[in-house]
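Both backbone and side-chain heavy atoms feed into the values below; hydrogens, waters and symmetry mates do not. On a predicted model such as this, the values are computed, not experimentally measured, just so you know.
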Amino acid sequence: MEFNPPRDGAAEARLWRAAREFERMHPAFVSMTYGAGGSTRDRTARITGQLARETTLLTVAHLTAVGHSVAELRSIIGSYADAGIRNLLVLRGDPPGDPLGEWNKHPEGVEYAEELVRIVRDLGDFHVGVASFPQGHHRSPDLDHDTRYLVAKLRAGAEYSITQMFFDVEHYLRLRDRVAACDAEQGAKPIIPELMPITSTRTVARAVELSGRPLPEPIARRLEHAAGTGSEPDQASVRAAGIEIATEIAQRLIDEGAPCLHFITLNFAKATTEVLTNLGYSVAPAAVGA
């Protein structure tokens, strides 16, 4: 389950309600994202530490290179260690304001996530994950180039990767094949698929923004049909279709041997709970919300 740093007290209370719901489900782990350029650094570190100390959830902290010198990165890694966080998802990160904008490294920072993996590894006994991209990173010239960069991150010491969100399982399967073909040893490391149940037309737009890719045409048509032709979209039907689509994708991934599923929750528990219930998992009662 992936959480986002809350922006205010009300949002933080919502996050904690979701965390307590998920705690009853005994997930393999939860992760906390990191604001672009460290914009939510202090709040992220505090809440991630609290999740680790005050719940039974295994908590993975995101760490991005954007806007940070190597000295600052070392300090952040140290603060996570002080908070008892030993699991980091290491990312180069997106430029602040425009995830698809031009990447510019900090003058005293790192250029690639591979370098950040090595820094984390040098600083102590951390478990490290990295990002992977089923359709290729939007800055990669081709899939082979993208695969080589992922393999380099794994060789640098990453133990697993979590994919960018996707809606076509074939892209995930081809990613696994490419990594295994490039390096059989690294291909044996888990590639964890990331999913986001669509619950409204707004989350459709959010999904496209986060992935940097349009929805597959069959899924876009299903959601458009659910929205209807009225002056206002039928949000209840969009949500029902989104849960159904997420369930179908999740079941296919399970059938194909995915090591586990990582859900983008937007700090709500209900949609993820419904998908897991559809898959036959025994979960806690649904929370109020998305």
Residues [X], [Y]: salt bridge by 4.0 Å N-O rule:
{"X": "R20", "Y": "E23", "answer": "yes"}
{"X": "E159", "Y": "R121", "answer": "yes"}
{"X": "E274", "Y": "R239", "answer": "yes"}

Quiz: residues 173-184 side-chain donor-acceptor pairs under 3.5 angstrom, not counting sequence neighbours:
from	atom 1	to	atom 2	distance (Å)
R174	NE	D177	OD2	3.2
R174	NH1	E170	OE1	2.7
R174	NH2	D177	OD2	3.0
R176	NH1	E256	O	3.1
R176	NH2	E256	O	2.9
R178	NE	T147	OG1	3.1
R178	NH2	P134	O	3.3
D183	OD1	E185	N	3.0
D183	OD1	Q186	N	3.1
D183	OD2	R155	NE	2.8
D183	OD2	R155	NH2	2.8

Should E12 and Q50 be marked as a side chain to side chain contact (heavy atoms under 4.5 Å, CB included) after you check the CA-CA gap, both sets of side-chain angles, and the distance that decides it?
-> CA-CA 12 Å; E12 185 171 339; Q50 284 181 280; 4.2 Å; yes
Residue pair [X] / [Y], side-chain heavy-atom distance below 4.5 Å:
{"X": "V130", "Y": "L150", "value": "yes"}
{"X": "Q235", "Y": "T201", "value": "yes"}
{"X": "H262", "Y": "M196", "value": "no"}
{"X": "N87", "Y": "F126", "value": "no"}
{"X": "T55", "Y": "W16", "value": "yes"}
{"X": "D146", "Y": "R139", "value": "no"}
{"X": "H106", "Y": "H68", "value": "no"}
{"X": "P5", "Y": "M32", "value": "yes"}

Are any side-chain N or O atoms of [X] and backbone N or O atoms of [Y], one a donor and one an acceptor, separated by less than 3.5 Å?
{"X": "S140", "Y": "D142", "result": "no"}
{"X": "T272", "Y": "A269", "result": "no"}
{"X": "K153", "Y": "S161", "result": "no"}

Looking at [X] and [Y], what are the two nearest heavy atoms and their distance?
{"X": "V30", "Y": "P27", "value": "CG1-CG, 4.2 Å"}
{"X": "G67", "Y": "E72", "value": "O-OE1, 3.7 Å"}
{"X": "I85", "Y": "A61", "value": "CG2-CB, 3.9 Å"}
{"X": "C260", "Y": "P193", "value": "O-CD, 3.1 Å"}
{"X": "A250", "Y": "L279", "value": "CB-CD1, 3.7 Å"}
{"X": "S237", "Y": "A226", "value": "CB-O, 3.2 Å"}

Please list, chain by chain and in numerical order, all residues satisfying side chain to side chain contact (heavy atoms under 4.5 Å, CB included) with N278, sequence neighbours excluded.
->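 With sequence neighbours excluded, N278 shows a side chain to side chain contact (heavy atoms under 4.5 Å, CB included) to I243, T247, given in chain and number order.
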Does one hydrophobic cluster hold both [X] and [Y], with members joined at side-chain heavy-atom distances below 4.5 Å?
{"X": "M25", "Y": "F263", "answer": "yes"}
{"X": "L266", "Y": "V208", "answer": "yes"}
{"X": "V169", "Y": "L143", "answer": "no"}

Can you label the angle between the H137 ring and the F133 ring as parallel, tilted or perpendicular, going by 30° and 60°?
->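 Ring orientation of H137 relative to F133: perpendicular.
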Parallel under 30°, tilted from 30 to 60°, perpendicular over 60°: which one fits the rings of F166 and Y172?
->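 Correct class here is parallel.
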Rounded to the nearest 0.5 Å, what's the gap from [atom1] on [X] to [atom2] on [Y]? Could you check?
{"X": "L57", "Y": "S31", "atom1": "CG", "atom2": "OG", "value": "11.0 Å"}
{"X": "I77", "Y": "D82", "atom1": "CD1", "atom2": "CG", "value": "12.0 Å"}
{"X": "D144", "Y": "Y149", "atom1": "CG", "atom2": "OH", "value": "13.5 Å"}
{"X": "L63", "Y": "T33", "atom1": "CG", "atom2": "OG1", "value": "12.5 Å"}
{"X": "Q251", "Y": "I249", "atom1": "CD", "atom2": "CD1", "value": "12.0 Å"}
{"X": "Y80", "Y": "H62", "atom1": "OH", "atom2": "NE2", "value": "9.0 Å"}

Could you please spell out the steps behind the side chain to side chain contact (heavy atoms under 4.5 Å, CB included) verdict for M165 and I264?
-> CA-CA 8 Å; M165 176 176 47; I264 297 175; 4.0 Å; yes
Distance-only criterion, 3.5 Å: show the donor-acceptor pairs between side-chain atoms of residues 213-225 and protein atoms not counting sequence neighbours.
from	atom 1	to	atom 2	distance (Å)
R213	NH2	Q135	O	2.9
R213	NH2	G136	O	2.5
R222	NH1	E248	OE1	2.8
R222	NH2	E244	OE1	2.7
R222	NH2	E248	OE2	3.2

Just grab all the salt bridge (Lys or Arg N to Asp or Glu O under 4.0 Å) pairs involving residues 84-93, residues at least two apart or on different chains.
->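 Residue pairs passing salt bridge (Lys or Arg N to Asp or Glu O under 4.0 Å), neighbours aside: R92-E111.
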Residues sharing L89's hydrophobic cluster, by side-chain heavy-atom contacts under 4.5 Å among ILVMFWY, directly or via others?
->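 Under the 4.5 Å side-chain rule, L89 groups with F29, L58, V60, L91, Y160, I162, I192.
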I198 and F167: side chain to side chain contact (heavy atoms under 4.5 Å, CB included), yes or no, with the steps?
-> CA-CA 11 Å; I198 288 174; F167 290 89; 3.8 Å; yes
Walk me through it: do L261 and I254 pass the test side chain to side chain contact (heavy atoms under 4.5 Å, CB included)?
-> CA-CA 8 Å; L261 306 175; I254 292 169; 4.2 Å; yes
Residues forming a side-chain hydrogen bond (donor to acceptor under 3.5 Å, both in side chains) with T229, sequence neighbours excluded |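 So T229 forms no side-chain hydrogen bond (donor to acceptor under 3.5 Å, both in side chains) with any residue.
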